[in-house]
Q: 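Dumping the structure here so I can ask a few things about it.
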Amino acid sequence: MPVPLYEAKAEFFRMLGHPVRIRVLELLQDGPMPVRDLLSAIEVEPFALSQQLAVLRRSGIVTSARDGSTVVYEPAGGDVAQLMLAARRILTEVLAGQRVLLEELRESGVPAS
């Protein structure tokens, strides 16, 4: 029995639900990167990065290629960059809305917690 689309989408967003995975996708927007560069940019243990890269690779959102002893990762398609930009825009709007609400609370004399 096929998985309903809403469940597939939920699983996709769960796959994105780790800070290291998001950081990898952000870094890969600038182009393919070898694992050693990802490690230095993210500053996590090699094993932890390897686990998160495996999740991204299994999901099909990134691809990897070996160049000698170096493994290079890149987004599987251009839509990944668009997804990261959309997330940034949405987060910016949410935070701007929260700032406006905070300002309204302060102006009304209600102490913010």
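Only a predicted model underlies this, so the values are computations on that prediction, with no experimental measurement involved.
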Q: Are Arg57 and Thr63 side-chain neighbours, meaning at least one heavy-atom pair lies under 4.5 Å?
A: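 Sidechains of Thr63 and Arg57: no contact.
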Q: If you round to the nearest 0.5 Å, how far is OG of Ser59 from CZ of Arg14?
A: 13.0 Å
Q: Pick out which of Leu25, Val55, Val80 makes a side chain to side chain contact (heavy atoms under 4.5 Å, CB included) with Val62.
A: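 It is Leu25; the other options fail the test.
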Q: Using a 4.5 Å cut-off on heavy atoms from C-beta on, say whether the side chain of Thr70 contacts that of Val72.
A: yes
Q: Do other residues, nucleotides or ligands put more than 12 heavy atoms under 6.0 Å from the CD atom of Glu7?
A: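 Result for CD/Glu7: enclosed.
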Q: What's the shortest heavy-atom distance between Val3 and Ala8, and which atoms?
A: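 Taking Val3 first and Ala8 second, the nearest heavy atoms are CG1-N, 3.9 Å.
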Q: Could you tell me the separation between the CG atom of Asp79 and the CG atom of Leu85, rounded to the nearest 0.5 Å?
A: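 So the gap between those two atoms works out to 11.5 Å.
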Q: If hydrophobic clusters are built by linking Ile, Leu, Val, Met, Phe, Trp and Tyr wherever their side-chain heavy atoms come under 4.5 Å apart, do Val24 and Phe12 end up in the same one?
A: yes
Q: Hey, what do you get for CD (Glu107) to CG (Leu102), rounding to the nearest 0.5 Å?
A: 10.0 Å
Q: Under a 4.0 Å N-O cut-off, is there an ion pair linking Glu103 with Arg99?
A: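 The answer is yes: the pair qualifies as a salt bridge.
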Q: Is the closest side-chain heavy-atom distance between Leu53 and Leu38 below 4.5 Å?
A: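 SC-SC contact between Leu53 and Leu38 confirmed.
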Q: Under a single-linkage definition using a 4.5 Å side-chain heavy-atom cutoff for Ile, Leu, Val, Met, Phe, Trp and Tyr, are Leu16 and Val94 assigned to the same hydrophobic cluster?
A: no
Q: With the side chain counted from C-beta on, respond yes when Leu56 and Tyr73 share a heavy-atom pair under 4.5 Å apart, and no when they do not.
A: no
Q: If two hydrophobic side chains count as joined below 4.5 Å and joins carry through other members, does Leu49 share a cluster with Phe47?
A: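 No; Phe47 is not reachable from Leu49 via cluster members.
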Q: So which heavy atom on Gly60 is nearest to which on Ala76, and how close?
A: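 That closest heavy-atom pairing would be O-CB, 3.1 Å.
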Q: Just so I know, are the side chains of Ile22 and Met84 near enough to count as touching, which here means a heavy-atom distance under 4.5 Å?
A: yes
Q: Count the heavy atoms of every other residue, nucleotide or ligand shown that sit under 6.0 Å from CZ of Arg88, and state whether that count exceeds 12.
A: no
Q: Measure the spacing between CG of Leu91 and CZ of Arg89 and express it to the nearest 0.5 Å.
A: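 Separation between the atoms: 12.0 Å.
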Q: What closest approach, in Å, do Ala81 and Gln29 show between heavy atoms, and which atom pair accounts for it?
A: O-OE1, 4.0 Å
Q: In Å and rounded to the nearest 0.5 Å, what is the CZ to CD distance from Arg23 to Gln52?
A: 14.5 Å
